[in-house]
Every structure is written in C-alpha cells, then in structure tokens.
Amino acid sequence: MTRPDATATDLPRRPAPLPAHLHDVGRTLVMGVVNVTPDSFSDGGRWFTPNAAVAHGLELLDQGADLLDVGGESTRPGARRVPVEDELARVLPVVEALVSRGVAVSVDTTRAVVARAAVERGAVLVNDVSGGLADDDMPAAVAETGVAYVAMHWRGHADVMDDLDQYGDVVRDVRTELAQRVAALRAAGVADHQVVLDPGLGFAKPGASNWPLLARLPELVADGFPVLVGASRKRFLGHLLARPDGTPAPPLARDRATAAITALAAAAGAWCVRVHEVAGSADAVRVAAAWHAAGGGPAGDRATRGAGPAAGAGTTGPPGATPPEADDELPVDEDASMRSST
C-alpha cells in the first residue's frame with residue numbers, strides 16, 4: 001500500500017489539496033470537533049443549533065485548533081442513522097458560516113451527497129469514518145471534487161460495530177483493510193495525494209484492540225499516507241481511567257488522557273489529531289515538536305521537516321512496537337481488494 005511517490009526517507013505527511021497555511025505549520029495539526037447533533041456521546045447536543053455550533057468552533061480556534069471537523073450524524077456506539085435531509089440541514093449552515101470567517105473546515109460524513117454539498121460551500125476535507133464503504137458514490141465524489149479525504153478503518157455502522165471486534169493481529173488486519181480502501185479509491189480515480197488514513201480507534205474496537213494500534217502507529221505512518229488519530233474521549237480511555245469499583249471515567253474526564261495520546265501520536269509522526277478539548281492537545285503537539293527539534297528520536301525529524309520516517313526509523317518506537325521492515329508493504333491482492341470493497 002505504500003505510496004508510489006514516497007521514498008523511505010521522504011514520505012509525504014500532508015494531503016496536497018489543503019490550504020497552504022496548513023502545510024507550513026511544522027508540527028502535527030489539531031482538528032477541533034464540532035458536533036451538530038443532539039446525541040453526541042461527548043457533549044450531548046450542547047452545540048446543536050447552528051449559532052451555538054459556530055460559536056463553539058470559533059472558541060476551539062481560539063484554543064489552538066488548526067481546522068474544524070463539522071458533523072451532523074452521531075457515530076457513538078449504538079447510534080441510529082439520521083435522514084440525509086436532517087444531516088444536510090444540520091451541517092451546511094455551520095460549514096458555510098465558518099468558511100465565511102476564513103476557517104479551514106472538514107465535514108464529518110459518510111454520505112457522498114453531504115460531502116459534495118459541503119465542498120461546494122468551501123469545506124477542504126471530507127472525513128469519512130466508513131472509508132467509502134457506507135456509500136458507493138463516495139469515491140467518485142472525492143475524485144471529482146479533488147478534495148482531501150480521510151479514509152478511516154471501519155467494519156460496520158454504530159449499531160453493529162461492537163460485534164465486529166474480531167482480529168488476528170489487529171495492526172496488520174487494519175493495515176490490510178485500509179489497503180483495500182486505498183485500492184478502491186485509486187480505482188475510482190482518487191489521487192494518492194488526496195488520501196489520509198485513520199486507524200479507526202473505537203470503531204469495531206471497543207476496548208483493548210486500540211492500544212496496539214497506538215503503540216505501533218509508526219507502522220501505519222510508514223505506509224506513506226498522512227495519518228489522522230481520533231482517540232478523543234473514547235471508551236477505551238474511560239476503561240483505562242475507571243474508578244476502583246470499575247465504573248468507567250465519563251467522557252469529560254478523559255481529556256488529560258487524550259492529550260497524552262496526542263503527544264505520543266505526534267511523536268509517532270501523526271499528521272493530525274482529532275479532539276474535542278483543544279487546548280491540552282494544542283500544547284501537546286507543540287511540546288512534541290520542540291522535543292523533536294532538539295533531537296528527540298527519528299520520528300521527531302519527520303514531524304519537524306514534514307517528511308515521513310527517517311532511515312532506520314523501524315529500529316525504534318513505543319514499547320511493544322513491532323518495527324516494520326524497510327520494504328514492508330501490505331500483502332494485498334489489489335484486484336481482490338477492489339472486488340470486496342463495496
């Protein structure tokens with residue numbers, strides 16, 4: 001799955017279609033979450049009206065967000081789908097208002113019609129938690145608009161995803177399934193420089209399956225595509241921070257742990273982190289960049305230069321990481337991948 005235009009010492013970290021100022025930051029980006037939903041697991045509909053959502057987005061920018069991710073359909077465990085008309089009505093006014101203020105906006109949707117409409121109103125990135133599996137028209141929409149696109153690892157909608165937590169080696173399985181998504185996107189005419197990959201923390205991974213993906217994140221980074229990490233306030237952090245009686249920590253009590261993961265993800269070469277509480281993660285990515293600039297390991301070099309893993313990067317990594325081989329490409333039959341991708 002390695003990008004054909006990437007080399008072992010100069011792997012691109014940022015999707016080309018984004019605004020120039022997002023290419024010049026010199027560190028991992030911070031994406032602030034703007035949920036325009038009544039049933040979000042993390043904020044319970046606090047920003048459901050357009051005015052409230054826009055005000056919240058501007059507040060996240062003040063806290064240090066580089067771009068905002070606007071979504072109108074909850075993907076919390078067990079959530080049911082909303083009618084497309086409702087999603088459009090929730091998302092489009094907020095996208096339009098934020099873009100008019102000069103904000104770099106991502107739209108969080110699995111529907112091609114919503115993606116197209118948001119891009120027409122100025123969205124610069126489509127964040128699709130299904131990686132194109134929820135809507136057969138999504139790859140064509142991405143190809144035709146030329147927009148930057150996040151393909152997340154996904155196995156099913158929120159109402160069934162917890163039943164799909166079945167892996168051999170979760171890291172290898174996720175990379176293989178993401179390779180299938182890349183093959184399908186290429187077949188639809190999507191250029192590699194548009195694509196961002198996301199390991200899908202919490203999606204078909206309610207618990208322990210998330211930790212190997214974080215510990216071995218350099219393996220995904222080494223495939224040459226920018227990597228988005230979305231750990232913010234997720235259940236596996238609630239279990240980690242559980243009270244002595246086993247009660248999981250509530251979502252708002254998971255922000256410090258989220259910031260810790262942000263720092264580790266930045267150290268591993270992540271392109272961007274998606275978070276609900278921005279200030280802690282904005283500090284964390286700056287700490288990671290300063291540490292890298294001072295020589296804090298091979299991952300630091302790529303975060304500061306905007307390049308991929310340095311030569312020899314596979315010899316180091318987080319505790320428990322399995323170093324990728326220099327020529328480690330996923331063993332994917334791309335023809336078979338395309339046949340199984342829809």
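None of these values were measured; they are calculated from a predicted model. One-based numbering along the sequence shown. Atom set for the values below is all heavy atoms of this structure, side chains included, hydrogens, waters and symmetry mates excluded.
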Asks: What pair of heavy atoms forms the shortest contact from R14 to G26, and how long is it?
Replies: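 Between these two residues, the closest heavy atoms are NH2-N, 3.8 Å.
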Asks: To the closest 0.5 Å, what do you measure between CG (L178) and CE (M152)?
Replies: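 L178 atom CG to M152 atom CE measures 9.0 Å (nearest 0.5 Å).
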Asks: Side-chain contact test, heavy atoms from C-beta onward, threshold under 4.5 Å: evaluate it for W154 versus T110 and give yes or no.
Replies: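 No, side chains not in contact.
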Asks: Test your reading of the model: is there a side-chain donor-acceptor pair from T28 to the backbone of V285, 3.5 Å cut-off?
Replies: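 Judged by distance alone, no pair lies under 3.5 Å.
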Asks: Where is the tightest heavy-atom contact between P139 and V190, given as atom of each residue plus distance?
Replies: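 For P139 and V190, the tightest heavy-atom pair comes out as O-CG2, 3.4 Å.
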Asks: Show the atom names and distances, to 0.1 Å, of all donor-acceptor pairs under 3.5 Å that link a side chain in residues 114-123 to residues at least two apart or in another chain.
Replies:
| unit_1 | atom_1 | unit_2 | atom_2 | d |
| --- | --- | --- | --- | --- |
| R116 | NH1 | E144 | OE1 | 2.8 |
| R116 | NH2 | E144 | OE1 | 3.0 |
| R121 | NH1 | A117 | O | 3.0 |

Asks: Using a 4.5 Å cut-off on heavy atoms from C-beta on, say whether the side chain of P199 contacts that of V227.
Replies: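 V227 vs P199: side chains touch.
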Asks: A288 and A267: which non-hydrogen atoms are nearest, and at how many Å?
Replies: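 Residues A288 and A267, closest heavy atoms: CB-N, 4.5 Å.
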Asks: Taking atom CG of L58 and atom NE2 of H56, what is their separation to the nearest 0.5 Å?
Replies: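 Here the rounded value is 10.5 Å.
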Asks: Are any of the side-chain heavy atoms of V91 and T109 separated by less than 4.5 Å?
Replies: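 V91 vs T109: side chains apart.
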Asks: Salt bridge check, D128 against R181: does any charged N sit closer than 4.0 Å to a carboxylate O?
Replies: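 Answer for the salt bridge query: no.
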Asks: Using a 3.5 Å distance criterion without hydrogens, assess whether the side chain of R254 forms a donor-acceptor pair with backbone atoms of A249.
Replies: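 Side chain of R254 to backbone of A249: a pair is present.
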Asks: Mind running side-chain contact (heavy atoms from CB on, under 4.5 Å) on V54 and V94 for me, showing each step along the way?
Replies: CA-CA 6 Å; V54 171; V94 179; 4.1 Å; yes
Asks: Ignoring hydrogens, what is the shortest heavy-atom contact between A268 and L217? Give both atom names and the distance.
Replies: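 Where A268 meets L217 most closely, the heavy atoms are CB-CD2, 3.9 Å.
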Asks: Would V174 and L220 satisfy side-chain contact (heavy atoms from CB on, under 4.5 Å), going step by step from the backbone distance to the final call?
Replies: CA-CA 9 Å; V174 166; L220 187 56; 5.6 Å; no
Asks: So how far is it from L125 CG to L228 CG, rounded to the nearest 0.5 Å?
Replies: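 The CG atom of L125 sits 8.0 Å away from the CG atom of L228.
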Asks: How many angstroms lie between CG in D192 and CZ in R186, if you round to the nearest 0.5 Å?
Replies: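 Between D192 CG and R186 CZ, I get 4.0 Å after rounding to 0.5 Å.
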Asks: Just by modelled atom types, is the D69 backbone N or O under 3.5 Å from a matching donor or acceptor in the D108 side chain?
Replies: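 No; zero donor-acceptor contacts below 3.5 Å.
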Asks: Does R256 reach the side chain of L241, with side-chain heavy atoms less than 4.5 Å apart?
Replies: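 They are not in contact (no side-chain heavy atoms under 4.5 Å apart), so the answer is no.
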Asks: Would you please test N51 and T49 for side-chain hydrogen bond (donor to acceptor under 3.5 Å, both in side chains) and show each step?
Replies: CA-CA 6 Å; N51 287 341; T49 67; 6.0 Å; no
Asks: Taking all non-hydrogen atoms of both residues into account, name the closest pair between S209 and V170 and its distance.
Replies: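 Where S209 meets V170 most closely, the heavy atoms are O-CG1, 3.7 Å.
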Asks: Does a side-chain heavy-atom distance below 4.5 Å link H23 with L18?
Replies: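 With C-beta onward as the side chain, the pair touches.
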Asks: Do V287 and L29 share a hydrophobic cluster (ILVMFWY, side-chain heavy atoms under 4.5 Å, transitive)?
Replies: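 V287 does not cluster with L29.
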Asks: So do the side chains of L197 and V182 get within less than 4.5 Å of each other, counting heavy atoms only?
Replies: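 The answer is yes; the side chains approach within 4.5 Å.
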Asks: Looking at every heavy atom in both V275 and T258, which two are closest together, and how far apart are they?
Replies: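 For V275 versus T258, the nearest heavy atoms are CG1-CG2, 3.9 Å.
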Asks: Verify, without hydrogens or angle tests, whether N210 (side chain) and K205 (backbone) share a donor-acceptor contact under 3.5 angstrom.
Replies: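 Flag set: sc N210 to bb K205 pair under 3.5 Å.
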Asks: Is D66 paired with R27 through a side-chain N to carboxylate O contact shorter than 4.0 Å?
Replies: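 Salt bridge present between R27 and D66.
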Asks: Using the rule side-chain contact (heavy atoms from CB on, under 4.5 Å), only one of V195, V126, N127 pairs with V150; which is it?
Replies: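 Output: one option passes, namely N127.
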Asks: Which side-chain hydrogen bond (donor to acceptor under 3.5 Å, both in side chains) pairs, counting each pair once, include a residue from residues 277-288, with sequence neighbours left out?
Replies: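 Output for this query lists T262-S281.
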Asks: Can you label the angle between the F236 ring and the W211 ring as parallel, tilted or perpendicular, going by 30° and 60°?
Replies: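 Geometry flag for W211 against F236: perpendicular rings.
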Asks: Looking at N35 and T37, would you say the former's side chain and the latter's main chain have a donor-acceptor pair under 3.5 Å?
Replies: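 Looks like no, no N/O pair under 3.5 Å.
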Asks: May I ask you to decide if Q166's main-chain N or O and R155's side chain share a donor-acceptor pair within less than 3.5 Å?
Replies: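 Between the backbone of Q166 and the side chain of R155 there is a qualifying donor-acceptor contact (under 3.5 Å).
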Asks: Calculate, to the nearest 0.5 Å, the distance between atoms NE2 and CZ belonging to H153 and F203 respectively.
Replies: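 It comes to 11.5 Å.
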Asks: Side-chain contact test, heavy atoms from C-beta onward, threshold under 4.5 Å: evaluate it for C272 versus L67 and give yes or no.
Replies: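 Yes. Closest side-chain heavy atoms under 4.5 Å.
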Asks: Which value, rounded to the nearest 0.5 Å, describes the distance between L264 atom CG and L214 atom CG?
Replies: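 CG of L214 is found 8.0 Å from CG of L264.
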